[in-house]
Amino acid sequence: MKKLAPSILSADFSKLAEEVREVEEAGAHLVHFDVMDGQFVPNITIGPLVAKSLTGKTAMPLDVHLMIVDPDRYIPEFVTPQTEYVSVHAEACVHLHRTIQMIRSLGVKAGVALNPATPLSVLEYVLEDLDMVLIMSVNPGFGNQKFIPQTLQKVRELDAIRSRRNLDFEIEIDGGVGPGNIQEIARAGADILVAGSAVFGAEDRHGRVQDLIRLMNE
Ligand code: DX5
Ligand code: ZN
C-alpha cells in the first residue's frame, strides 16, 4: 500500500492543526514537514517548535525533510513523539554515514534526499543503512514547481537497484506531484508520494486526497 504525504508547506500555518486534520480525515498517511534554513535553499520555513506543536494533534506520523546545512546540529530537536522519518540531503552532509547512524540511534527512520542533479551513485555505500530514499523531483526551496521529468527514470533505476540488491528501503518522491502524473510516478516504483500544492491548493481537498490515493494505487 502506497502512502500519500501532504506537504504542509502549502497549508495555512495560522490554522495548521485544522489543515492537517482535514487531510487526515480524507485518508492521507503522513505529514510531510519541510524545514528550510535560507542557506541550503533560498527560503526559510519552519523549525522544531512547529514540529513539537503537532504532537497529539493528528494520528499521522511526521515525515521531516531537512533542507538545511549541517543537519547533525538540529536532528535531535525534530525527533518528537510524532516523528517517523527524518531525511537529510546528501549534498548537505560531509559525513553521511555518521548522520544516518545518528538518526537511527534516535529511534526514527533514516532517509537521504537527493537533489535532481545528484546521481544515485552517492548512495552506493549507504543503501543498506537506509529506511528511505527521497528523490527530489524539483529543485528544493519552494512549493508549486513543475515536475522535472528526468527524475522519473531515477526512481525506476533506484527501484531496480533495490530489487537487485534485495533491499527494502522505501522510495519517496517530492515536488510537482499531482493528479496528472501520480499514477506514472507510483508505477515507476515510488512508495511515498508527497503533494503540497496539489492537495492544499485544491478547491475540494477531501476529493483531491481521495483521487490521489486512488490513482497511485491503480
Ligand atoms: C520543495 C519541498 C516540497 C514541496 C512540494 O522544496 O521539499 O515538499 O512542498 O510542493 P509541491 O507538491 O507543491 O511541489
Ligand atoms: Zn519536501
Side-chain angles (χ1 to χ4, degrees), residues 2-13 16 19-20 23 26 28-48 50-51 54 60-69 71 74-75 78 83-92 103 108-118 131-152 154-155 170-186 190-203 205 208-209 211-213 215-216:
K2 305 206 181 256
K3 298 180 212 164
L4 182 70
S7 163
I8 56 171
L9 192 59
S10 296
D12 179 345
F13 282 102
L16 185 56
E19 302 261 292
V20 165
V23 295
H29 306 96
L30 295 167
V31 179
H32 186 77
F33 194 95
D34 285 310
V35 181
M36 306 186 188
D37 65 353
Q39 291 198 65
F40 182 70
V41 290
N43 193 9
I44 299 179
T45 57
I46 45 178
V50 180
L54 284 172
M60 287 189 290
L62 295 193
D63 167 33
V64 178
H65 178 194
L66 297 178
M67 288 160 275
I68 63 176
V69 296
Y74 299 102
I75 286 165
F78 286 98
T83 306
E84 179 170 357
Y85 302 86
V86 174
S87 300
V88 293
H89 268 264
E91 304 86 358
I103 297 171
V108 294
K109 294 178 181 166
V112 173
L114 300 180
N115 284 337
T118 304
D131 299 294
M132 188 255 271
V133 176
L134 198 177
I135 301 294
M136 287 306 299
S137 39
V138 297
N139 289 296
F142 303 94
N144 204 15
Q145 301 184 77
K146 213 171 142 302
F147 185 85
I148 298 172
Q150 295 92 311
T151 57
L152 201 56
K154 210 172 180 180
V155 171
E170 293 175 282
I171 300 176
E172 179 169 34
I173 186 112
D174 182 9
V177 177
N181 59 11
I182 197 166
Q183 190 169 52
E184 192 182 12
I185 299 166
D191 311 290
I192 306 173
L193 296 103
V194 177
S197 50
V199 168
F200 288 103
E203 194 94 28
R205 293 172 174 183
R208 178 54 58 81
V209 166
D211 284 349
L212 291 173
I213 292 173
L215 287 165
M216 73 193 195

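Whatever order the structure lists ligands and atoms in, that order sets their numbers, starting from 1. Heavy atoms only: backbone and side chains are in, while hydrogens, waters and symmetry mates are out.
Within the sub-2.8 Å shell of the Zn ion (ligand 2), the protein contributes these N/O/S atoms: H32 NE2, D34 OD1, H65 ND1, D174 OD2.
In this structure, the side-chain hydrogen bond (donor to acceptor under 3.5 Å, both in side chains) partners of E19, at least two apart in sequence or on a different chain, are R205. Not counting sequence neighbours, the partners of H32 by the ring-ring contact (aromatic ring centres under 6.0 Å, His included) test are H65.
Within 6.0 Å of the OH atom in Y74, the count of heavy atoms belonging to other residues, nucleotides or ligands does not exceed 12. More than 12 heavy atoms of other residues, nucleotides or ligands lie within 6.0 Å of CD in E170, so this atom counts as buried by the packing criterion.
If you take CG on L193 and CD on Q183, they are separated by 11.5 Å, rounding to the nearest 0.5 Å. The distance from atom CG of D34 to atom CD1 of I8, rounded to the nearest 0.5 Å, is 7.5 Å. Here T83 contributes atom OG1 and D63 contributes atom CG; the two are 10.0 Å apart, rounded to the nearest 0.5 Å.
A heavy-atom cutoff of 4.0 Å around ligand 1 is satisfied by the protein residues S7, L9, H32, D34, M36, H65, M67, M136, P140, G141, F142, G143, N144, D174, G175, G176, V194, A195, G196, S197.
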Legend entry - From CA spacing to verdict: side-chain contact (heavy atoms from CB on, under 4.5 Å), V41, F142: CA-CA 9 Å; V41 290; F142 303 94; over 6 Å; no
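Remark: K3 does not engage E172 in a salt bridge, criterion side-chain N to carboxylate O under 4.0 Å.
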